[in-house]
Amino acid sequence: MALQFIEQVTKNTDSVQERVLSEILTQNAETEYLKRFALNGATDRDTFKSKVPVVTYEDLQPDIERIANGDRSPILCAHPISEFLTSSGTSAGERKLMPTIHEEMDRRQLLYSLLMPVMNQYVSDLDKGKALHFLFIKAEAKTPGGLMARPVLTSYYKSEQFRKRPFDPYNVLTSPNEAILCPDSFQSMYTQMLCGLIMRHEVLRVGAVFASGLLRAIRFLQLNWEQLSHDILTGTLNPKITEPSIKERMSKILKPDPELAAFIKSECSGENWERIIVRIWPNTKYLDVIVTGAMAQYIPTLDYYSGGLPKPCTMYASSECFFGLNLKPMSEPSDVSYTILPNMGYFEFLPHDDSSPITLSKDSPPRLVELADVELGKYYELIITTYAGLCRYRVGDILQVTGFHNSDPQFRFVRRKNVLLSIDSDKTDESELQKAVENASELLKEFNTSVAEYTSFADTKSIPGHYVIYWELMMKDSSHPPTNQVLNQCCLVMEESLNSVYRQGRVADNSIGPLEIRVVKNGTFEELMDYAISRGASINQYKVPRCVSFTPIMELLDSRVLSFHFSPAAPHWTPERRR
């Protein structure tokens with residue numbers, strides 16, 4: 001049924017899109033926002049495109065703040081705004097409030113319902129066991145007008161659709177709802193890990209939302225395995241678990257099991273944590289985590305802990321809208337393409353070219369490309385119109401068309417449209433920095449070392465300013481660490497990987513100083529996450545910021561530095577290579 005639905009909507013991409021836009025414009029015709037553009041009841045694409053401008057969050061912020069402050073009139077959407085979804089706070093610096101409506105939950109639920117039927121074509125017997133998924137909620141905030149403001153996954157886990165979901169053999173979780181819905185992240189993680197260990201032979205897939213979340217769970221096991229095995233040995237729950245609903249649920253699950261306790265001790269007490277996931281959960285078929293975009297840098301560490309298990313990326317979604325899914329989920333992370341489902345919203349595409357950015361004018365909206373009309377190989381910025389009232393909204397994602405399923409295009413997620421580092425006229429984005437770190441980390445392989453985590457900042461206190469990259473290293477053999485000379489060379493390899501504008505600034509203009517790597521103590525980035533969570537970040541949506549500028553974070557990082565390394569020479573640059 002689910003596969004039939006996918007076939008049906010992807011064969012009729014353009015007509016579905018036409019219907020979706022008409023439905024949205026009909027539903028929201030009387031809203032204050034659409035009335036500003038004098039559509040006069042028109043629901044066709046041409047009128048919509050000629051009259052309604054392409055906007056950013058900043059353009060909508062005054063309207064969103066009115067809703068947040070309690071204005072219940074139909075400003076953006078005819079349906080009442082049910083809550084705000086907070087966008088990932090570290091994706092672009094500030095937490096954005098995305099208005100949503102009750103029926104959007106059904107649309108998200110529809111996309112979730114398609115994931116396992118697709119996966120089942122590639123991996124058999126997923127209905128014969130359970131999923132160990134580390135899922136967390138974030139305590140909500142309330143806007144001055146009384147609406148909830150919370151991350152999209154917290155909204156979903158707290159919804160009736162999730163809490164009272166019907167039994168589905170393909171989606172049985174080891175984690176009880178009581179643990180997932182516990183706002184105390186220690187009690188939640190501890191209980192979920194304990195259940196995962198107790199049911200270790202039933203676990204067929206292990207995951208979290210982001211790759212970083214799964215690595216945090218492994219780190220949690222490293223720090224807490226003794227207490228966990230004690231609970232399993234004695235059949236008694238850690239006294240730090242005080243949430244009554246969890247204690248009641250665990251009384252039915254936790255029984256003394258000396259054999260399992262001894263097994264956990266034998267696996268976790270040693271130095272070697274290679275392949276720990278398949279050692280503890282031997283029936284795991286794949287890791288269920290997001291490893292595209294900025295999460296790609298965790299792949300080597302995940303491979304180390306899992307023995308190279310597949311890492312399917314199943315869906316493409318954001319706080320603004322759930323977009324689509326990966327119809328070939330077992331492809332390599334570097335080959336992942338998402339099929340945008342035309343029923344989820346109305347999608348337009350702004351052609352994107354780094355070398356000649358388009359300036360959008362309010363007076364003459366650009367001619368955007370329809371979902372069915374994008375061209376293979378080309379890059380686009382995604383523009384969305386949603387049932388919840390966002391119209392021609394710039395999400396900020398850059399996508400590349402990789403192919404088609406029936407008449408429906410498939411896209412590779414390239415990056416968020418943003419600039420991470422800039423000293424002069426140079427502009428280094430997330431994917432460039434990621435590539436530079438990957439290239440430099442090749443030099444560490446002979447020392448059995450990899451970059452476990454990194455961030456950066458543009459140090460403009462020095463003259464000229466220079467890039468500073470913080471590295472936390474994972475060494476398999478601490479008696480054979482990388483030498484200072486090699487770490488200095490890593491700085492140069494990073495510089496060679498950066499764009500020609502940067503290299504020109506280093507070589508010809510002397511406007512940028514030598515790149516610096518600061519190696520920090522192990523556990524530093526975990527402290528960074530704890531700090532972000534203490535300031536209100538969501539444990540589910542937390543992503544290590546690839547660039548930092550906030551003084552307390554800089555002070556934390558600098559207080560953990562073990563060594564400083566600088567590029568020993570200027571990178572190669574000639575005018576002919578300028579782009």
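Only heavy atoms go into these numbers, but all of them, side chains included; no hydrogens, no water, no symmetry mates. Just so you know, these numbers come straight off a predicted model, no measurement behind them.
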Taking atom types as modelled, find out whether Gln27 and Glu23 have a side-chain donor-acceptor pair closer than 3.5 angstrom.
-> no

So do Asp46 and Phe48 actually touch side chain to side chain, heavy atoms under 4.5 Å?
-> no

Criterion side chain to side chain contact (heavy atoms under 4.5 Å, CB included) on Asp44 and Leu25, from CA distance to verdict | CA-CA 9 Å; Asp44 64 285; Leu25 295 180; over 6 Å; no

Roughly how far apart are Leu382 CG and Leu371 CG, rounded to 0.5 Å?
-> 9.5 Å

For the pair Arg45 and Asp14, evaluate salt bridge (Lys or Arg N to Asp or Glu O under 4.0 Å) and give the outcome as yes or no after the intermediate values.
-> CA-CA 11 Å; Arg45 289 191 273 201; Asp14 203 47; 3.0 Å; yes

Interatomic distance, OG@Ser175 vs CG@Leu194, rounded to 0.5 Å, equals 10.5 Å

Does the side chain of His133 pick up a donor-acceptor pair with the side chain of Gln192 at under 3.5 Å?
-> no

Dump the intermediate steps for side chain to side chain contact (heavy atoms under 4.5 Å, CB included) on Phe525 and Leu215, then the final yes or no.
-> CA-CA 12 Å; Phe525 280 83; Leu215 293 178; over 6 Å; no

Between atom CD1 of Ile290 and atom NZ of Lys543, what is the distance when rounded to the nearest 0.5 Å?
-> 8.0 Å

Worked verdict on Arg546 versus Asp429 for salt bridge (Lys or Arg N to Asp or Glu O under 4.0 Å) = CA-CA 9 Å; Arg546 291 296 163 230; Asp429 66 33; over 6 Å; no

Output yes when a side-chain donor or acceptor of Ser188 lies under 3.5 Å from a complementary backbone atom of Ser185, and no otherwise.
-> no

Are any side-chain N or O atoms of Asn283 and backbone N or O atoms of Val203, one a donor and one an acceptor, separated by less than 3.5 Å?
-> no

Got Arg216 and Phe134 here, is their nearest side-chain heavy-atom distance under 4.5 Å?
-> no

Taking all non-hydrogen atoms of both residues, which atom of Met330 and which atom of Pro310 are closest, and how far apart?
-> CE-CB, 3.4 Å

Mind listing the closest non-hydrogen atom pair of Asn28 and Leu34 along with its distance?
-> O-CD1, 3.4 Å

Is the closest side-chain heavy-atom distance between Thr100 and Ser82 below 4.5 Å?
-> yes

OG1 (Thr339) and CG (Leu327) are apart, to the nearest 0.5 Å, by 3.5 Å

Say whether, by atom type as modelled, one donor and one acceptor occur between the side chain of Arg165 and the main chain of Phe162 under 3.5 angstrom.
-> yes

Might you confirm whether atom NZ of Lys142 has over 12 heavy atoms from other residues, nucleotides or ligands at distances under 6.0 Å?
-> no

So, Tyr542 versus Phe210, ring centres under 6.0 angstrom or not?
-> no

Side-chain donor-acceptor pair present, Tyr316, Asp397, cut-off under 3.5 Å = yes

Heavy-atom closest contact (Asn326 atom, Pro329 atom, distance) | ND2-CA, 3.4 Å

Would you say Gln187's side chain and Glu243's backbone share a donor-acceptor pair under 3.5 angstrom?
-> yes

Indicate yes or no: at least one non-hydrogen side-chain atom of Phe5 is less than 4.5 angstrom from one of Leu110.
-> yes

Test item: Thr385 and Val52 side chains (from C-beta on) under 4.5 Å apart, heavy atoms | no

In terms of side-chain geometry, is the basic nitrogen of Lys35 or Glu32 positioned less than 4.0 Å from the acidic oxygen of its partner?
-> no

Nearest heavy-atom contact between Lys328 and Ser331 is O-OG, 2.8 Å

Do Tyr380 and Glu348 have side-chain N/O donor and acceptor atoms under 3.5 Å apart?
-> no

Please lay out, stage by stage, how Leu3 and Gln121 fare under the test side chain to side chain contact (heavy atoms under 4.5 Å, CB included).
-> CA-CA 10 Å; Leu3 299 178; Gln121 295 177 284; 3.8 Å; yes

Do any N or O atoms from the side chain of Arg392 and from the backbone of Pro53 form a donor-acceptor pair under 3.5 angstrom?
-> no

Test item: Thr386 side-chain N/O and Cys391 main-chain N/O as donor-acceptor pair under 3.5 Å | no

Report yes or no: does Thr174 contribute a side-chain atom to a donor-acceptor pair with the main-chain N or O of Cys195 at less than 3.5 Å?
-> no

Thr10 and Asp408: side-chain donor and acceptor closer than 3.5 Å?
-> no

Within the distance-only criterion (no hydrogens, no angle test), does the side chain of Glu83 pair as donor or acceptor with the backbone N or O of Ile101 below 3.5 angstrom?
-> no

State, yes or no, whether a side-chain contact exists between Thr191 and Cys182 at a heavy-atom distance under 4.5 Å.
-> no

Apply the test side chain to side chain contact (heavy atoms under 4.5 Å, CB included) to residues Phe347 and Val20: give CA-CA distance (whole Å), side-chain angles for both, the deciding distance (0.1 Å), then the verdict.
-> CA-CA 10 Å; Phe347 304 109; Val20 165; over 6 Å; no

Is the side chain of Thr86 donor-acceptor paired with the backbone N or O of Leu97 at a distance under 3.5 Å, no angle test?
-> no

Would Tyr170 and Asn120 count as having a side-chain donor-acceptor pair, cut-off 3.5 Å?
-> yes

Ring center gap for Phe323 and Phe411 short of 6.0 angstrom = no

Are any side-chain N or O atoms of Glu381 and backbone N or O atoms of Ile398, one a donor and one an acceptor, separated by less than 3.5 Å?
-> no

Calculate, to the nearest 0.5 Å, the distance between atoms SG and CG belonging to Cys313 and Leu287 respectively.
-> 10.5 Å

Glu332 atom CD: more than 12 heavy-atom contacts under 6.0 Å = no

Smallest separation among heavy atoms of Leu309 and Asp303, with atom names = O-OD1, 4.3 Å

Approximate separation, where rounding is to 0.5 Å, of Tyr387 OH and Cys321 SG = 10.0 Å

Shortest non-hydrogen contact between Pro351 and Val369, atoms and distance | CG-CG2, 4.2 Å

Flag the pair Leu135 / Leu153 as yes when at least one side-chain heavy-atom distance between them is below 4.5 Å, and no otherwise.
-> no

Going by heavy atoms in the side chains, are Arg108 and Tyr156 under 4.5 Å from each other?
-> no

